[in-house]
Amino acid sequence: DGTAEIIISGGNISGGRNDSRVKGRHGGNIVTATKTTVQMSGGTISGGVNPTGAGGNLNLNGTMTMTGGQIYGFHSALAANQDCVPIYLQGANDTGRAVFILEGGEIHSNSAKSSGAAIKAVVSSTNPATENFSQIIIRGGKIWGNTSTTGGAVAATGDEIRLEGGVITGNTTVGGAVQILNKCQVYLSGNPTITDNIGGNLYLSGDAIIDLGVMTGGKVGISAAKSGRVISTVQQTDPSAFVTSDNQELRLNYQNNCLY
């Protein structure tokens, strides 16, 4: 049926290099096609480089679940408009989504000039009417020590991101460690911790709005491109114990089941 599975439970995958002038816009260490699944429970993926085009250590057009191990040491000197990042998701136009699920392990010590110093999800532009979006789900694990010059250790545009747990901290970015662009759908629930990042924590630009579910713990710092806008439709009691404003000049106001 055209499916394939990659299982990584130990060892090290490193030193991969992609040159788009030779092999197209793909990744340095692992490239997946639609219907491919990757299960990573241990080991390391490190040091990949993509000097001339989009992609990075992993270029995903299938589903990857990470429950352990480490992804680190990717560095790109490409211009900001080149999507050259450690984990790059692009939705397929035929079947399924490009999905990355983080449940354990660490993604750290990567750097990129484009947004998404650790993970970036984009929408394929080849057929906007029928495309399947990319999806990021973070339930556990830790994303730390990543550096991006234009914004976001994690960046999503026009896709779906679910923040349900895990820790995102100690990243150096412009525009938030988790940068939400355009009309990306954001689901926030459970016990995620997104704090102590240089340059902001969870940042909403464009028309993005959070769907805030039941928070059971954690702490998330939030900032937005515009003041006075609705940040979240809230289906619970006052969430101020779990979400705070990153901007001292802008207060978060809970009123009529909405967060402003």
Side-chain angles (χ1 to χ4, degrees), residues 6 8-16 27-32 38-50 54-60 62-76 83-90 98-122 134-156 159 161-173 175-180 192-202 218 220:
I6 300 171
I8 304 168
S9 58
N12 175 247
I13 301 173
S14 64
N29 276 319
I30 296 178
V31 181
T32 70
V38 181
Q39 304 284 340
M40 182 175 182
S41 59
T44 61
I45 300 174
S46 64
V49 63
N50 188 347
N57 258 336
L58 299 99
N59 190 325
L60 301 178
T63 298
M64 177 173 178
T65 302
M66 182 177 178
T67 58
Q70 299 181 61
I71 298 174
Y72 68 93
F74 176 88
H75 303 290
S76 170
D83 288 325
C84 189
V85 298
I87 302 172
Y88 182 77
L89 291 80
Q90 184 166 3
V99 180
F100 179 77
I101 304 169
L102 180 63
E103 296 181 342
E106 300 182 31
I107 304 172
H108 66 90
S109 307
N110 302 286
S111 66
K113 285 192 174 182
S114 62
S115 57
I119 308 169
K120 183 166 187 175
V122 302
S134 301
Q135 183 183 46
I136 299 170
I137 303 173
I138 300 177
R139 297 179 177 140
K142 186 174 182 180
I143 300 174
W144 61 273
N146 302 285
T147 302
S148 172
T149 58
T150 62
V154 179
D159 306 284
I161 181 167
R162 294 181 176 269
L163 302 168
E164 301 171 357
V167 176
I168 301 175
T169 190
N171 300 284
T172 302
T173 70
V178 180
Q179 186 181 55
I180 309 301
T193 296
I194 308 174
T195 58
D196 299 321
N197 296 282
I198 298 173
N201 295 298
L202 174 58
V220 178

* Asked: Heavy-atom distance under 4.5 Å between the side chains of Val178 and Ile168, does that happen here?
  -> yes

* Structure fact -> For Ile107 and Met66 the tightest heavy-atom approach is CG1-SD, 4.2 Å

* Specify the closest pair of heavy atoms between Gly200 and Asn197, including all atoms of both residues, with the distance to one decimal. => O-CB, 3.2 Å

* Structure fact -> The reported gap from CD1 in Ile87 to CD1 in Ile136 (rounded to nearest 0.5 angstrom) is 9.0 Å

* Measure the spacing between NZ of Lys142 and NE2 of His108 and express it to the nearest 0.5 Å. => 10.0 Å

* Asked: In Å and rounded to the nearest 0.5 Å, what is the CD to CD1 distance from Glu103 to Ile137?
  -> 8.5 Å

* To do: Give, for atom OG1 of Thr169 and atom CG of Asn146, the distance between the pair rounded to the nearest 0.5 Å.
  => 11.0 Å

* CD1 on Ile71 to CD1 on Ile8, rounded to 0.5 Å -> 7.5 Å

* So which heavy atom on Glu106 is nearest to which on Trp144, and how close? -> OE1-NE1, 2.7 Å

* Structure fact -> Residues Ala118 and Ile143: closest non-hydrogen pair is CB-CG2, 3.9 Å

* To do: Report the C-alpha separation of Arg139 and Glu164 in whole Å, then their side-chain angles, then the decisive distance to 0.1 Å, and conclude whether the salt bridge (Lys or Arg N to Asp or Glu O under 4.0 Å) test is met.
  => CA-CA 5 Å; Arg139 297 179 177 140; Glu164 301 171 357; 3.1 Å; yes

* Structure fact -> CZ of Phe100 to OG1 of Thr65, rounded to nearest 0.5 Å, is 8.5 Å

* Test item: side-chain donor near acceptor, Asn171 and Thr173, under 3.5 Å -> no

* Main-chain N/O of Phe74 paired to Asn110 side chain as donor or acceptor, under 3.5 Å -> yes

* To do: State, to 0.1 Å, how close Asn12 and Ile45 come at their nearest heavy-atom pair, and which atoms those are.
  => ND2-N, 4.4 Å

* Asked: Taking all non-hydrogen atoms of both residues, which atom of Thr193 and which atom of Gly218 are closest, and how far apart?
  -> OG1-CA, 3.6 Å

* To do: Answer yes if the side chains of Asn201 and Thr195 hold a donor-acceptor pair under 3.5 Å, and no otherwise.
  => no

